[in-house]
Amino acid sequence: QVQLVESGGGLVQAGGSLRLSCAASGRTIMWLMLGWFRQAPGEEREFVAAISPSGKSAYYADSVKDRFTISRDITKNTVYLQMDSLKPKDTAVYFCAGGASSDYARAQGYGHWGQGTQVTVSS
């Protein structure tokens with residue numbers, strides 16, 4: 001019954017900002033680690049950020065640290081990814097994921113996935 005739906009993607013110039021949202025549903029959502037992954041054309045899906053069920057612990061890939069911020073609104077069952085100072089290399093489809101595993105930086109640590117939202121950063 002777990003469902004994740006991403007939104008907020010779009011086209012932005014380098015240096016701009018976007019805020020992605022992931023609306024989650026299902027009774028087990030509150031106990032899941034929630035994360036963001038991205039996949040560019042011809043590349044593997046890579047870890048971007050993750051947040052603990054409580055929302056108190058956040059983790060980031062080095063490539064986005066200090067530029068992206070992940071947050072979680074427990075009352076709304078929604079996770080956000082605030083992306084600032086965007087670069088062309090950030091262009092990818094961004095996926096929201098949920099899982100009970102502590103292996104938050106690997107895609108195989110998540111059992112639930114959204115369909116993705118496209119983020120395109122122009123130079």
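Heavy-atom basis, side chains included; hydrogens, waters and symmetry copies ignored. Note that the numbering runs from 1 along the sequence shown for the chain. Since we're looking at a predicted model, the values are computed, not measured.
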(request) Take Val119 and Thr91 through the test side-chain contact (heavy atoms from CB on, under 4.5 Å) and record every step on the way to the result. (result) CA-CA 5 Å; Val119 172; Thr91 295; 5.9 Å; no
*Do Leu81 and Thr69 pass the side-chain contact (heavy atoms from CB on, under 4.5 Å) test, and can you show the C-alpha distance, the side-chain angles, and the key distance before you say yes or no?*
CA-CA 6 Å; Leu81 185 68; Thr69 303; over 6 Å; no
* side-chain contact (heavy atoms from CB on, under 4.5 Å) between Phe68 and Leu86: does it pass, once the steps are laid out? -> CA-CA 9 Å; Phe68 291 9; Leu86 283 163; 3.8 Å; yes
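Minimum heavy-atom separation, Phe95 to Gly114: CD2-O, 3.6 Å. Between Ala105 and Phe47, the closest heavy-atom pair is O-CB, 3.3 Å. Closest of all the heavy-atom pairs between Leu4 and Ala24 is CD2-CB, 3.5 Å.
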Do any side-chain atoms of residues 53-62 form donor-acceptor pairs under 3.5 angstrom with protein atoms, and if so which ones, sequence neighbours left out?
from: Ser54; atom 1: OG; to: Ser52; atom 2: OG; distance (Å): 3.3
from: Ser54; atom 1: OG; to: Lys56; atom 2: N; distance (Å): 3.2
from: Tyr60; atom 1: OH; to: Ile70; atom 2: N; distance (Å): 2.9

Distance-only criterion, 3.5 Å: show the donor-acceptor pairs between side-chain atoms of residues 26-43 and protein atoms not counting sequence neighbours.
from: Arg38; atom 1: NE; to: Glu46; atom 2: OE2; distance (Å): 2.8
from: Arg38; atom 1: NH1; to: Asp90; atom 2: OD1; distance (Å): 2.9
from: Arg38; atom 1: NH1; to: Tyr94; atom 2: OH; distance (Å): 2.9
from: Arg38; atom 1: NH2; to: Glu46; atom 2: OE2; distance (Å): 3.4
from: Gln39; atom 1: OE1; to: Arg45; atom 2: NE; distance (Å): 3.3
from: Gln39; atom 1: OE1; to: Arg45; atom 2: NH2; distance (Å): 3.3
from: Gln39; atom 1: NE2; to: Glu43; atom 2: O; distance (Å): 3.1

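To the nearest 0.5 angstrom, Arg72 atom CZ is 7.0 Å from Ile51 atom CD1. Taking OG of Ser85 as the reference point, atom CG of Asp66 lies at 10.0 Å (rounded to 0.5 Å). From Gln108, atom CD reaches atom CG of Asp103 across 6.0 Å, with rounding to the nearest 0.5 Å.
Residue pairs meeting the disulfide bond (SG atoms under 2.5 Å apart) criterion with at least one member in residues 26-86: none, sequence neighbours excluded. Applying the disulfide bond (SG atoms under 2.5 Å apart) definition to pairs two or more places apart or across chains, none involves residues 33-72. Here disulfide bond (SG atoms under 2.5 Å apart) pairs that include residues 23-67, with residues two or more places apart or in two chains, number zero. Sequence neighbours left out, the pairs with a member in residues 10-123 that pass disulfide bond (SG atoms under 2.5 Å apart) are Cys22-Cys96. Counting only residues at least two apart or on different chains, the side chain to side chain donor-acceptor pair (under 3.5 Å) pairs with a member in residues 2-21 are Ser17-Asp84.
A distance-only check finds no donor-acceptor pair linking the side chain of Thr78 to the backbone of Asp73 [under 3.5 Å].
No chain of hydrophobic side-chain contacts below 4.5 Å, direct or via other Ile, Leu, Val, Met, Phe, Trp or Tyr residues, connects Val48 to Trp113.
Within the 4.5 Å cutoff, no side-chain heavy atoms of Val93 are placed close to those of Thr117.
Tyr80 belongs to no multi-residue hydrophobic cluster, having no ILVMFWY side-chain contact under 4.5 Å with any other such residue.
In this structure Glu44 satisfies the side-chain contact (heavy atoms from CB on, under 4.5 Å) test with no other residue, sequence neighbours excluded. Shown here are the side chain to side chain donor-acceptor pair (under 3.5 Å) partners of Gln118, two or more places apart in sequence or in another chain: Thr120.
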